[in-house]
Amino acid sequence: MAPQTRRTSFPKVVIERDSDSERSSSEDEEEGEEDEDNREEEEAERGENEEGEEEEALENKNRERKAEGLDAKKKGKAPITLSLKKVCKVCKKAGHEAGFKGATYIDCPMKPCFLCKMPGHTTMTCPHRVATEHGVIPAPRRNTRNSLEYVFERQLRPDILPIKPTFVIPDQVNCAVIRYHSRRVTCLEFHPTNNNILLSGDKKGQVGVWDFAKVHEKMVYGNVHSCIVNNMRFNSTKDDSVYAASSDGTISCIDLETGISLSLMNLNPDGWQGPSNWRMLYGMDVHSEKGLVLVADNFGFLYLVDTRSNNKIGEAVLIHKKGSKVVGLHCNPVQPDLLLSCGNDHFARIWDMRRMEAGSSLYALAHKRVVNSAYFSPLSGSKILTTSQDNRLRIWDSIFGDLDSPSREIVHSHDFNRHLTPFRAEWDPKDPSESLAVIGRYISENYNGAALHPIDFIDISTGRLVAEVMDPNITTISPVNKLHPRDDVLATGSSRSLFIWRPKEKSEPVEQKDERRIIVCGRAEKKRSRKFGDESDDDSDDGKFTSKGTKLKSNKPERNLTRCPSKVKR
DNA sequence: ACGTAATGTACCC
DNA sequence: TGGGTACCCTTACG
C-alpha cells in the first residue's frame, strides 16, 4: 500500500501529540530535535505497518504509541508529547488564550464576536453586551463608529424609560425539582385549566407532570416516547390529556392521570431503516376549531391528524426546504387557519391552512441561520417573534404591515450548542401590550465570582432588557422557559431540573422558606455539592434537603437576584 | 482534577 | 447532493 494512503489513514496517530496540531497552524520557534524524533518514529511505523491494516490495528498503534510516550517520560527520554506552549483552544494560535478566567470567559480575538457575530471585537467589548452592575464595569463603547452595521443596538440608554416600571417579574425560585428528569428538559407546558400543573418533556422521551403547589406531587411517565419530546400542546377542548411530538416519529396523546398514551401517528412503522429514512417530529400545534393536530418532521413535511378519528388527513405537504427540519408550528390565536412555521432552512413561513400546498406560503420570513422558534403574539396574533441561531430575536410588529424585513432585530446570546435544548423566546401571555418576552441566556455573567446564565426578560418593542433573573445555585444554562398564562409565574427547564419562579414580593423570605420545596431526585451519590446542577443528595424526594438548605442559608443574603438595567447608572 | 460521552449544524469538497 | 468533519462559554459522571 502506498505510504501516502497509509499516511492519510493515520491522522489519529499523529494527532495524539498536541504539538502537531499546533505546528500545523502556527510557525513554531521552539521545535527541534523532538521533531526529528517524531519524524523518525513515523517513518519507522510506516515501514512496519503492512498493507491491509484496518482500524483495529490503528487503534492498537494508538495505544502502543501512548504507552511508548509514557515509558519515554518515565525514563526521562524526550517524550512524544512536545511543547506545552499554550495556544488558544479556539483558533490554535499562540499569544492569547480563550476560555474562562475565573468566572469570566475571555473570547478568542481572532474570531468574530461570540455575541453579535460581527468581526473586530469580542463579547467583552461588544456594543450589544448587556451592561452589568455590582461593580462590573459596563463594556466600553469602542465600536460605535460602526454602529450602522448593527441592526439594533441593545445598549442601555438612560433616556429611554422602562415601558413597564411596575411590571411584575417572577425573579425568585419558589420551588424546584432537582434532577427530576434523567435527561435534559426539552419542553414545558402549563396546564390550561389547573394553575399549578407543569408538564415537562425530556430528551429521553419521558413526560413529567408536576403539581408545583403541592411540590411533592410529581410523576414522570417513562414509556411515552423512545426519544426526544420536542413539543407538547393541549387541545383547548380537552384538558385531561396532552399531545406530544417526538423524534421517535410519533405523536402521542397522553392521559395526565394515568400516563397512558395513545399513538396518533407513527412515521416509522418499519422501525430503523437508517438515518436517511428515520422521520422525527418536531414542530406541533393544535387547531382546536378544526380538531386537528398539526405536526412537522425533519424532512420538511407537514402532517395533519384528525383528533376525533386519530387518523392522518390527506398527504404530507412540503412546507420547508426538502430534507430540512421543521422545528416550530404555531396557529394564530385569533385566526387559527393562519399557520406560522419555522425551521432549519433559515425561514419562518406564514401559511393559509385552507390552501396548503408546497410553495404556497403567504410569506417567507428570511433569517440568517436556523430559526428555533416562531410565534404569533398571544392575544392579538398580529405580531411575530422569532428566535434564530444567529443570536438575534426578530420581531414583526404587524402581520398586516410590511413583512419583507423584521421591524426589529435584537441581539441576544442564545447560540446553538448541540448539547443544549435550543433556546426559544416565549411571549408573556399576560402582557396586554404584547411586548414582553422571556429567553434564557447562553453567555454567562460573572456574578461575585460565579459564572451564571440568567434568564432575560426583554421588551421586544424597544429591545430593552427589562430584567435578568438568576439564582446563585443554578449554574446551568436555562434554555427552556415558559411564562404562566394567568399567574406571575415563570417555569424554567435547566439541564434535568425544573424551577418555578415567582415575584420576590410574593415569596416568603428566604430564611423562612420551606426547604422541602426543593426536591432532589436522581441517583444517590457520595459527593455533595452546593450547586443545584450537581445536586446529588440521595434518592429521597421527601424533603431531605438539609445539606442543601444549610448551604443556601450560608449563602450571601442576596440569594436571588434580579438585575434591572433601568437601575444601572451609566 | 481530570477525561469522556452525548451528538446538531455548518461548511467543505 | 451527500458524506465527512470541525466545533467557542455543556453537563454529568467516573
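Protein chains get the first letters and strands the later ones, always in sequence-line order, with residue 1 at the start of each. The figures here come from the full heavy-atom set of this structure, side chains too, leaving out hydrogens, waters and symmetry mates. None of these values were measured; they are calculated from a predicted model.
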Just call it for [X]: base, sugar-phosphate, or nothing, with non-hydrogen atoms closer than 4.0 Å on any strand.
X: A/Phe114; result: base
X: A/Pro109; result: nothing
X: A/Ile477; result: sugar-phosphate

Taking only residues two or more places apart in sequence or in another chain, which ones pass salt bridge (Lys or Arg N to Asp or Glu O under 4.0 Å) with [X]?
X: A/Arg279; answer: A/Asp297
X: A/Asp285; answer: A/Arg233
X: A/Asp415; answer: A/Lys117

Can you tell me how far [atom2] of [N] sits from [atom1] of [X], to the nearest Å?
X: A/His453; N: C/dC9; atom1: NE2; atom2: P; value: 11 Å
X: A/Ile474; N: C/dT10; atom1: CD1; atom2: C1'; value: 16 Å
X: A/His121; N: C/dC8; atom1: NE2; atom2: C1'; value: 15 Å
X: A/Lys204; N: C/dT11; atom1: NZ; atom2: P; value: 20 Å
X: A/Glu445; N: C/dC9; atom1: CD; atom2: C1'; value: 12 Å
X: A/Asn446; N: C/dC9; atom1: CG; atom2: C1'; value: 13 Å
X: A/Met110; N: C/dC7; atom1: CE; atom2: C1'; value: 18 Å
X: A/Asp415; N: C/dT10; atom1: CG; atom2: C1'; value: 13 Å

Side-chain H-bond candidate by donor/acceptor type, [X] with [Y], under 3.5 Å:
X: A/Thr250; Y: A/His225; value: yes
X: A/Thr104; Y: A/Asn446; value: yes
X: A/Asn481; Y: A/Thr492; value: yes

Item to check | P-based separation of C/dC8 from B/dC12 [nearest Å] | outcome: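 One P to the other, the span is 14 Å.
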Checklist entry - Does A/Ser276 place a side-chain N or O at less than 4.0 Å from the phosphate oxygens OP1/OP2 of C/dG2? => result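 False: A/Ser276 side-chain N/O out of range (4.0 Å or more) of C/dG2 OP1/OP2.
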Checklist entry - Would you call the rings of A/His414 and A/Phe423 parallel, tilted or perpendicular, where under 30° means parallel and over 60° means perpendicular? => result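 Answer is tilted, since the angle falls between 30° and 60°.
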Checklist entry - Parallel, tilted or perpendicular: which describes the rings of A/Tyr442 and A/Phe114, with under 30° parallel and over 60° perpendicular? => result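 Answer is perpendicular, since the angle exceeds 60°.
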Checklist outcome for this item: Per-nt protein contacts along nucleotides 7-13 of chain B (heavy atom under 4.0 Å; B base, S backbone sugar-phosphate only, - none) come out as BBSS---
Checklist entry - Where each pair must be Watson-Crick or G-U wobble with both distances under 3.5 Å, what dot-bracket representation of DNA chain C is obtained, with crossing pairs in [ ] and other-strand partners as |? => result .||||||..|||||
Item to check | A/His367: ring pair (Phe, Tyr, Trp, His ring centres under 6.0 Å) partners, not counting sequence neighbours | outcome: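 A/Trp396.
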